[in-house]
A.B. asks: 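Once you've had a glance at the structure underneath, I'll fire off some questions.
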Amino acid sequence: MFSNNHTAIALSLLFTILPLKAQTTPSPLTDEAAIELLALRDQRLKRDYQVAFKLDGEIECHGITTRHATQVNFFGPVIENGDKRRQLLTANFLWNTKYGWFLYKIGELRNRTHVFIWSEKLGEIEID
C-alpha cells in the first residue's frame, strides 16, 4: 500500500505527464488553417484556395519519419504567361509543438541557405 507521500508524488507525476502527452498530439489540420498557411506562403488571398481533400499519415523528411503530417490537395492559383488559372496542387504540412502545423522551404537567398517556415503558431519565419 502506498503512503500518503507516495500517493501525492504519483498524482503529481500523473498531472505533470498528462499535459505533456496532450501537447504532443496535434489537433487535425483544418481546411481553414491549411488555406491560411498556403496564402501566407504564397502571399496571396485566402479566397484563391480551395481544399479538395486531405490525407493524414507519416512522411519522411530529410531521413527522419514524422508521424504528424497531412498532405493537402487543393485548388490554387498558377501564373503562366501572365495568366492566372486554377490548378490542383499538393502541399505537405508537418506538425510539432514549437510551430504547430507548418509548411517549410529550403532555399538560397543572397548566396546563403535559408529555411523559410510558415507556421500556425509563429507566422512567417526565416532562418539563415
Side-chain angles (χ1 to χ4, degrees):
M1 184 71 40
F2 288 115
S3 70
N4 283 341
N5 285 342
H6 288 123
T7 302
I9 291 169
L11 287 174
S12 175
L13 285 173
L14 178 66
F15 288 114
T16 301
I17 293 169
L18 283 177
L20 292 176
K21 177 130 177 77
Q23 291 176 352
T24 59
T25 302
S27 298
L29 177 65
T30 65
D31 290 2
E32 294 78 17
I35 288 170
E36 188 154 334
L37 290 174
L38 290 165
L40 179 64
R41 179 194 68 182
D42 299 343
Q43 299 179 350
R44 303 210 49 94
L45 299 173
K46 291 187 276 186
R47 70 174 182 231
D48 288 338
Y49 300 90
Q50 181 181 9
V51 172
F53 62 94
K54 298 179 294 200
L55 300 170
D56 297 322
E58 297 179 348
I59 191 168
E60 187 171 321
C61 182
H62 303 285
I64 296 174
T65 300
T66 179
R67 291 177 292 154
H68 306 305
T70 298
Q71 183 184 78
V72 176
N73 294 270
F74 62 97
F75 288 100
V78 175
I79 308 294
E80 289 181 356
N81 301 322
D83 293 330
K84 180 174 126 179
R85 61 183 182 87
R86 282 172 42 108
Q87 186 172 347
L88 185 62
L89 304 166
T90 300
N92 292 321
F93 289 75
L94 305 175
W95 183 91
N96 68 23
T97 55
K98 180 176 182 177
Y99 297 125
W101 287 105
F102 69 97
L103 294 163
Y104 79 96
K105 176 183 173 185
I106 299 172
E108 293 288 322
L109 185 64
R110 295 182 290 280
N111 295 322
R112 292 179 64 166
T113 300
H114 291 246
V115 178
F116 301 94
I117 297 172
W118 299 275
S119 160
E120 178 181 43
K121 290 184 179 179
L122 301 177
E124 187 171 26
I125 301 163
E126 180 182 336
I127 303 168
D128 64 353

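By convention here, the first residue in the shown sequence is residue 1. Computed over heavy atoms, backbone and side chain alike; hydrogens, waters and symmetry mates excluded. None of these values were measured; they are calculated from a predicted model.
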A.B. asks: I want to check something: taking the side chain as every heavy atom from C-beta on, are His62 and Ile106 in contact at a cut-off of under 4.5 Å?
C.D. replies: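 Contact flag for His62/Ile106 side chains = yes.
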
A.B. asks: What do you reckon, is CD of Glu60 surrounded by more than 12 foreign heavy atoms closer than 6.0 Å?
C.D. replies: yes

A.B. asks: Please check if Leu40 and Leu109 belong to a single hydrophobic cluster, counting links between Ile, Leu, Val, Met, Phe, Trp and Tyr side chain heavy atoms closer than 4.5 Å.
C.D. replies: yes

A.B. asks: Is it the case that Glu108 and Thr113 place a side-chain donor and acceptor less than 3.5 Å from each other?
C.D. replies: yes

A.B. asks: What is the distance from atom CD1 of Ile59 to atom OG1 of Thr66, rounded to the nearest 0.5 Å?
C.D. replies: 8.5 Å

A.B. asks: Would you check if Lys105 and Trp118 make a side-chain contact, meaning some heavy-atom pair closer than 4.5 Å?
C.D. replies: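 With C-beta onward as the side chain, the pair touches.
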
A.B. asks: Take atom CD1 in Ile64; do more than 12 heavy atoms of anything else shown fall under 6.0 Å from it?
C.D. replies: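 Not more than 12 within 6.0 Å, no.
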
A.B. asks: If I take atom CD1 from residue Ile35 and atom CZ from residue Arg47, how far apart are they, to the nearest 0.5 angstrom?
C.D. replies: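 Rounded to the nearest 0.5 Å, the CD1-CZ separation comes out at 13.0 Å.
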
A.B. asks: Just checking Arg85: does its CZ atom have more than 12 heavy atoms from other residues, nucleotides or ligands closer to it than 6.0 angstrom?
C.D. replies: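 Yes, because the 6.0 Å sphere around CZ of Arg85 holds more than 12 heavy atoms from other groups.
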
A.B. asks: Nearest 0.5 Å please: distance from the CZ atom of Arg44 over to the CD1 atom of Ile79.
C.D. replies: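 Those atoms lie 5.0 Å apart.
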
A.B. asks: CG/Leu88 to CD/Gln50 distance, rounded to the nearest 0.5 angstrom?
C.D. replies: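 Between Leu88 CG and Gln50 CD, I get 10.5 Å after rounding to 0.5 Å.
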
A.B. asks: With the 4.5 Å side-chain cut-off for hydrophobic clustering, are Leu37 and Ile117 part of the same group?
C.D. replies: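 No, no single cluster joins them.
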
A.B. asks: With heavy-atom distances below 4.5 Å as the criterion, would you say the side chains of Asn96 and Phe102 are in contact?
C.D. replies: yes

A.B. asks: Given Trp101, which of Leu94, Thr70, Thr30 fulfils the side chain to side chain contact (heavy atoms under 4.5 Å, CB included) condition?
C.D. replies: Thr70

A.B. asks: According to a hydrophobic-cluster definition based on side-chain heavy atoms being under 4.5 Å apart (Ile, Leu, Val, Met, Phe, Trp, Tyr only), do Leu55 and Phe93 belong together?
C.D. replies: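 Hydrophobic grouping puts Leu55 apart from Phe93.
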
A.B. asks: Does Asp83 offer a backbone N or O that forms a donor-acceptor pair with the side chain of Asn81 under 3.5 Å?
C.D. replies: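 Pair absent, no side-chain N/O of Asn81 close to backbone of Asp83.
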
A.B. asks: Would you indicate whether the side-chain heavy atoms of Val78 and Leu89 approach each other to under 4.5 Å?
C.D. replies: yes

A.B. asks: Count I, L, V, M, F, W, Y as connected when their side-chain heavy atoms are under 4.5 Å apart, and connections chain through other members. Are Leu122 and Ile127 then in the same cluster?
C.D. replies: yes

A.B. asks: Could you go through Lys54 and Asp31, starting from their C-alpha distance and side-chain angles, then the distance that decides it, and tell me whether this counts as side-chain contact (heavy atoms from CB on, under 4.5 Å)?
C.D. replies: CA-CA 9 Å; Lys54 298 179 294 200; Asp31 290 2; 2.8 Å; yes

A.B. asks: Do Ser119 and Tyr104 touch side chain to side chain, with heavy atoms closer than 4.5 Å?
C.D. replies: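 Result no, sub-4.5 Å side-chain heavy-atom pair not found.
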
A.B. asks: If you group Ile, Leu, Val, Met, Phe, Trp and Tyr by side-chain heavy-atom gaps below 4.5 Å, do Tyr99 and Val115 land in one group?
C.D. replies: yes

A.B. asks: Keeping the roles fixed (side chain from Lys121, backbone from Thr97), state whether a donor-acceptor pair exists under 3.5 Å.
C.D. replies: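 Pair found, side chain donor or acceptor close to backbone of Thr97.
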
A.B. asks: Look up atom CG in Leu103 and atom CD in Glu120, then write down how far apart they are to the nearest 0.5 Å.
C.D. replies: 11.0 Å

A.B. asks: Atom CD of residue position Gln71 - does it have more than 12 heavy atoms of other residues, nucleotides or ligands inside 6.0 Å?
C.D. replies: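 Count over threshold, so yes.
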
A.B. asks: For the atom pair CD (Glu80) and CD (Gln87), what is the distance rounded to the nearest 0.5 Å?
C.D. replies: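 CD of Gln87 is found 6.5 Å from CD of Glu80.
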
A.B. asks: Of the options Val72, Asp56, Val51, which is the one that meets Leu29 in a side chain to side chain contact (heavy atoms under 4.5 Å, CB included)?
C.D. replies: Val72

A.B. asks: Does atom CZ of Arg67 have more than 12 heavy-atom neighbours from other groups under 6.0 Å away?
C.D. replies: no

A.B. asks: Take Arg110 and Asp128 through the salt bridge (Lys or Arg N to Asp or Glu O under 4.0 Å) test and state the conclusion after the steps.
C.D. replies: CA-CA 11 Å; Arg110 295 182 290 280; Asp128 64 353; over 6 Å; no

